[in-house]
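What follows is a single structure, written as structure tokens, with notes after it.
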Amino acid sequence: MSVEDPYALLDKWLNAQELLVVGKDVTRVDAFQKAVGKAYFTEDYLLKEALFVKQVLSPYPHARILSYDVRKALDIPGVKAVITAKDIPGVNQVGYALPDQPLLAEGKVRYVGEVVALVVAEDYDTAFKGVESVEVKYEELPYLLDPLEAMNRNDILIHEEIGSNIAFKTKVVKGDVNEGFAKSDVIVENEYRTHHQDHIYLEPEAALAIPDMEGRITIICSTQYPHLTRDIASKVLGLPSSYVKIITPYVGGGFGGKDDEGPLVAAKAALAAYLTGRPSFLMYSREESIAIHPKREATVIKYKSGASKDGRLQAIDVKIIHDTGAYANRGPFILWRATVHASGPYEVPNARVEGFAVYTNKVYQGSFRGFGNPGIQFAAESQMDLLAEKLGLDPIDFRLKNILKEGSTTITSQKLDHSVGVGEALRKVAEASDWWRKRREYSLDTGRFRRGIGVGVAWHGISTSRGVPDWSNAYVKIEKDGSVTAYTGIVEMGQGAPTSAHVQIISELLGIPPTKVKVIFGTTDAPDTGATHASRGSSIGGIGVLIAAAKLRERLAKLASEILNVTPEEIMFKDGRVYSKKDPNLYIEWKDLIKEAISKGVELSATGYFFLPKGKFDDVRGQGFAYPAFSYMVVISEVEVDVETGVVKVLKVWPALAAGRILNPQQVEGQLEGAAVQGLGYALMENLVFDGKGRVVNPDLTDYVIPTIRDVPEIQKPIYVEDLFKYGPFGAKGVGELALIPMPASVANAVSHALKTRVTSLPLTPERVLELIRSSR
Amino acid sequence: MLTKIPEFNFLKATSVDEALRLIATHSNYKLLAGGTDLLMDLRIGRYKPEVVIDISKVMELKYIKDLGDKIAIGSLTTLQEVLESPVVRGKAPVLVEAVSNMASWQIRNMATLGGNLCNASPAADTAPPLMVLNASLKLRSLSKGERVVNVNEFFLGPRQTVLEKGEMLTEVEIPYVKDAGQSYLKLGRRNAFTLSIVSVASLVKVEDGRFKEVRVALNSVAPTPVRARSVEQALIGKEVSYEAVVKASNEVIHDISPISDVRASAEYRRKVSIVLVRDSILKSLSGLGINVR
Ligand SMILES: Cc1cc2nc3c(=O)[nH]c(=O)nc-3n(C[C@H](O)[C@H](O)[C@H](O)COP(=O)(O)OP(=O)(O)OC[C@H]3O[C@@H](n4cnc5c(N)ncnc54)[C@H](O)[C@@H]3O)c2cc1C
């Protein structure tokens, strides 16, 4: 095996004895710039000569486009272009999972807010006037808003070419559910409903496309996957990918939303730039953002589960329906994730799970922190509480009897051979929260304010599902003065992957301070690193950085060993010095070593390509290898419910995480807190309201309510179980989405405990809670 | 949906006289104080004025004065100034309580007391406290000079007041109320920075164990902020007891006419109005050292 074998290098660092920078609270390099408002976001790059792009949106949920009349708009002085589907030089097809979605509506519109045309003008106001002057003639069509209705109707088809309103189906079948239920002493069956959620990133969608003199286009944009953004933009323009360059500056929050919408915004700005030959800028208003971009899916989940007297789960039978909205987008992948995670992190011998992604004439479903998982974990964890109650067991004791451990098999019959820390996390956090005492004590509350304590346990597969290829990469080079530049496609959207984790990894491996390391992120100049989604930026994204840096270290260790006349194995890199572990007086300064390398012909640049090994998955039976590993999260929530007003206060939250190595505890804590609050907002107040035509009634921050700091509970210091993962950098698995996933379940279980009534739908607005109390009487 | 801000002429007044002259000569105008309501309303196309007259720099209307038996607040005083005023805190704590939960620090530093009243939103948070305090409003115009209107007669409907064309609000006068318990309770969709679903202000005086004075006002449950006269009447003269308060609070449904909107249903508003009225009166009582159950 070569010393530069990526698997060997990853393994070497997984088992490193002592770490100097990784695992420490290292301050991220962008902290100061952001704190003082100096950091640049897409809009800050706006050029004086740029044209403004505004979008013409569909007023109808479902209609045929009969004609466009753009003459009036073009007559307005300052309007440079009006772009519709027919003006697209390349391919007007941007569906991610299925080829069902045009960039600009073609033939039909399928939701209120669908983009029909672009107006490009000298300034914002003129673009606005242009939008008002574009005349589109529609023929209204009957429409469908309810997924349960849509899946059973064929007389109205949202996508005729598919022949049904079911966009996609999934299935997992393990063992024999009938047998499992026959063995069950208790059976619980319920229907759960969850709702849409908007990302409400601080920075709305934006892109600035700049054509250059050689026919290339550079797009500065707020997106989560520069390489995919480039591929989509170049396809729309009909240009080779290499003619489009993406620069992603700091992103003001993504949460998955810009994974879907980012490339489309970039493609629209690029289209305007390409057709006018001028730099073009497109930025959504908040109202447009909420109306246009994909949302967390609404779900209907029918869940039946059974357990035997000894407290063992015997079977689950689950039907998951996702309201996919007008386009499939990433809906099929989201549905896959929900399907495979339907059991929760428990051993279930018999399982049948069926998933349906259903088209409706509403704004479509997309990626959102948790990716299909918060809804299904809410259902699964509610069922766990109900089963425990029927069995007369404490909810956590019951969970611990069934929790996944090393050697367990999942509902896809995948054997988990390592990195399964969820049981330990659950035990520890139960103790830290004084669970058993509170659970008994709060049950006795009878007054106006009822306390409750609830748990949510979740798992989240790392990397892409099944055999879908996933890889990491980065390009790292050491400059002549010993400083280091790294290139990655991972973006910085608040989470700090490239500005903390990646910097720490390089600093650790090469023994130089973080201030000497510059990570250039979010650029197509880096090798394709995959997206910054699925909790993968620091972990999988970090592998490429680690391997490239490790290759350089191996080369330099060899060189140093020759110079110092010791073995390469005893060479240490620390504090800008390279020395022998056995005799620290035998050393060479890092800077001098680099000079030596240059004079001796040692290459000082490397790429860190790594392809994640995966197993086989049989889509027909829904059995096989689902993910290389899982991260696990437990959240215990304590609530107080005012039974007269229905107001739920979340008082305290205890998080516990099993996500392998914690590369930077401070950053991870930030992720857990942010995700917990976003999950709490989803569970309690965030709610997208549609009118009878599928139009969003509250597309603004007056009426789409998210938590403020005053709604944030006391979040306790997280408990970490570092269940190292062999294909993660230093064993890290991934954190970003985790704390959100069990949050709705945790809060709903706590409220159910307080009210002694089962919550089956969200959000728990005061009004909903009062209804729940009334209906339980 | 957001539209662009319509085009208008922008004029700036630096004194009350100048402002009055400007509004006397234009017919389709809007006054701009802090602009925290007006700018949004322009952007959503609610108003299309030909002229916007900026009065934010009319310094003579920015004051809080203790006149010995009343407090006088200039209409352009910001909410943050009201919040931080020891005089208001001492004599009209219910107003401070209401303002402390309004908007955010940034907005409160722009938003004016006069703007909150003249905007006449059914959800205006300074209205219920000023109504239970029986505040008077000084209105001025070039043609009619000054007139005084009780705040309880000021609101006519959503975004409608007794203000006539050419007339502006100059001062809010709050008479001292001695020995009164006061409180403000706001129920919104989150704990801060949000419009209310229902809010209740109450003010009570007790003599010889009986309710001597009871004033209750609510927002967001009718076309305008409203007084709960039925509740007040049910209590005045009654012996103070928990049961009396509970019974009287139920009467609030005769005073309100809530609608269903994206914030809450009419039914929910009716239910929690009863709860909040009761809680607010009990809280006002406990401010007097009277704790019934
Ligand atoms: C983010 C945000 C949060 C908010 N939260 C709350 C809240 O919690 N509670 C609440 O009640 N409100 C809230 N508001 C609304 C608003 O801030 C207040 O109503 C504020 O007091 C308005 O004052 P202003 O000076 O900004 O008024 P402006 O917007 O300047 O004016 C409002 C209206 O009153 C008229 N006007 C202003 N001054 C006078 C005058 N002296 N004479 C005659 N007419 C006049 C104007 O022409 C205009 O029609 C919020 C607003 C925002 C943007």
Side-chain angles (χ1 to χ4, degrees), chain A residues 54 57 59 112-113 123-129 131-132 284-291 448 642-647 649-650 680-681 684-691 695-713 763 765-771 773-774, chain B residues 1-7 36-37 39-41 43-46 100-107 121 123 185-200 242 246 249-250 258 260-280 282 293:
Chain A
K54 286 285 308 168
L57 308 184
V112 175
D123 58 71
Y124 183 83
D125 283 357
T126 309
F128 220 115
K129 274 186 210 146
V131 165
E132 285 169 352
Y284 292 13
S285 67
R286 179 66 62 189
E287 288 77 359
E288 287 164 328
S289 173
I290 295 181
R448 171 172 176 183
D642 178 344
V643 297
E644 295 196 3
T645 58
V647 171
K649 271 197 192 134
V650 180
L680 180 146
L684 294 185
M685 62 186 85
E686 295 186 36
N687 194 16
L688 211 61
V689 183
F690 294 89
D691 70 7
R695 186 183 63 98
V696 177
V697 196
N698 54 341
D700 56 48
L701 298 182
T702 305
D703 285 321
Y704 185 87
V705 180
I706 62 168
T708 75
I709 194 74
R710 292 223 202 149
D711 301 289
V712 174
T765 58
E767 185 156 7
R768 208 29 100 62
V769 172
L770 274 199
E771 270 164 33
I773 294 169
R774 197 190 37 204
Chain B
M1 181 64 67
L2 211 66
T3 60
K4 80 181 177 59
I5 294 194
E7 278 165 34
T36 61
D37 275 318
L39 276 152
M40 278 314 296
D41 282 341
R43 298 243 297 176
I44 63 172
R46 180 174 272 149
S100 69
N101 214 326
M102 282 177 78
S104 62
W105 178 81
Q106 291 90 334
I107 299 285
S121 154
L185 293 178
K186 175 167 172 172
L187 181 80
R189 288 163 297 174
R190 62 182 170 209
N191 291 331
F193 200 39
T194 187
L195 295 174
S196 65
I197 292 173
V198 188
S199 298
V200 178
Y242 180 76
V246 169
S249 302
N250 290 323
S260 294
D261 60 20
V262 55
R263 277 156 225 161
S265 72
E267 199 197 329
Y268 179 73
R269 284 193 162 104
R270 266 192 291 271
K271 264 191 217 148
V272 288
S273 292
I274 297 172
V275 176
L276 260 70
V277 165
R278 184 198 66 201
D279 287 355
S280 177
L282 292 174
R293 249 237 323 255

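Throughout, protein chains are lettered first and strands after them, A, B, ... in sequence-line order, and every chain is numbered starting at 1. Below, each value reflects all heavy atoms present in this structure, side chains not excepted, and no hydrogens, waters or symmetry copies.
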Exercise for the section: Heavy-atom distances under 4.5 Å only: say whether B/Arg278 touches chain A with side chain, backbone, both or neither. Expected result: side chain
Practice task
Identify which of A/Lys129, A/Met685, A/Glu644 forms the greatest number of heavy-atom pairs closer than 4.5 Å to chain B.
Solution key: A/Glu644
Exercise for the section: Below 4.5 Å from any heavy atom of chain B, which atoms of A/Val131 appear? Answer side chain, backbone, both or neither. Expected result: neither
Problem - Proximity breakdown for A/Asp711 and chain B, heavy-atom pairs closer than 4.5 Å - result: both
Completion exercise
Okay, A/Val705 and chain B: the region with an atom under 4.5 Å from a heavy atom over there is both
Handout entry: Closest heavy-atom pair and its distance - B/Ser100, A/Arg710
Key = O-NH2, 4.2 Å
Problem - Side chain proximity check, B/Arg263 to A/Thr702, heavy atoms < 4.5 angstrom - result: yes
Problem - Proximal component of A/Ile706, with respect to chain B [non-hydrogen, under 4.5 Å] - result: both
Exercise for the section: Select one option (side chain, backbone, both, neither) describing which atoms of A/Thr645 are under 4.5 Å from chain B's heavy atoms. Expected result: both
Exercise for the section: Select one option (side chain, backbone, both, neither) describing which atoms of A/Arg768 are under 4.5 Å from chain B's heavy atoms. Expected result: neither
Exercise for the section: Step by step, work out the side-chain contact (heavy atoms from CB on, under 4.5 Å) result for B/Arg189 and A/Asp703. Expected result: CA-CA 9 Å; B/Arg189 288 163 297 174; A/Asp703 285 321; 3.1 Å; yes
Practice task
Examine whether an atom of B/Ser265 lies under 4.5 Å from a heavy atom of chain A, and if so say whether it belongs to the side chain, the backbone or both; otherwise answer neither.
Solution key: both
Problem - Lys/Arg N to Asp/Glu carboxylate O, B/Asp279 vs A/Arg448, below 4.0 Å - result: yes
Exercise for the section: Decide yes or no for A/Leu684 and B/Arg190: does some side-chain heavy atom of the first lie under 4.5 Å from some side-chain heavy atom of the second? Expected result: no
Fill in the blank from the handout: Rounded to the nearest 0.5 Å, the NZ atom of B/Lys271 sits from the CZ atom of A/Arg774 at a distance of 4.5 Å
Exercise for the section: Counting only heavy atoms closer than 4.5 Å, note whether B/Leu276 contacts chain A via side chain, backbone, both or neither. Expected result: side chain
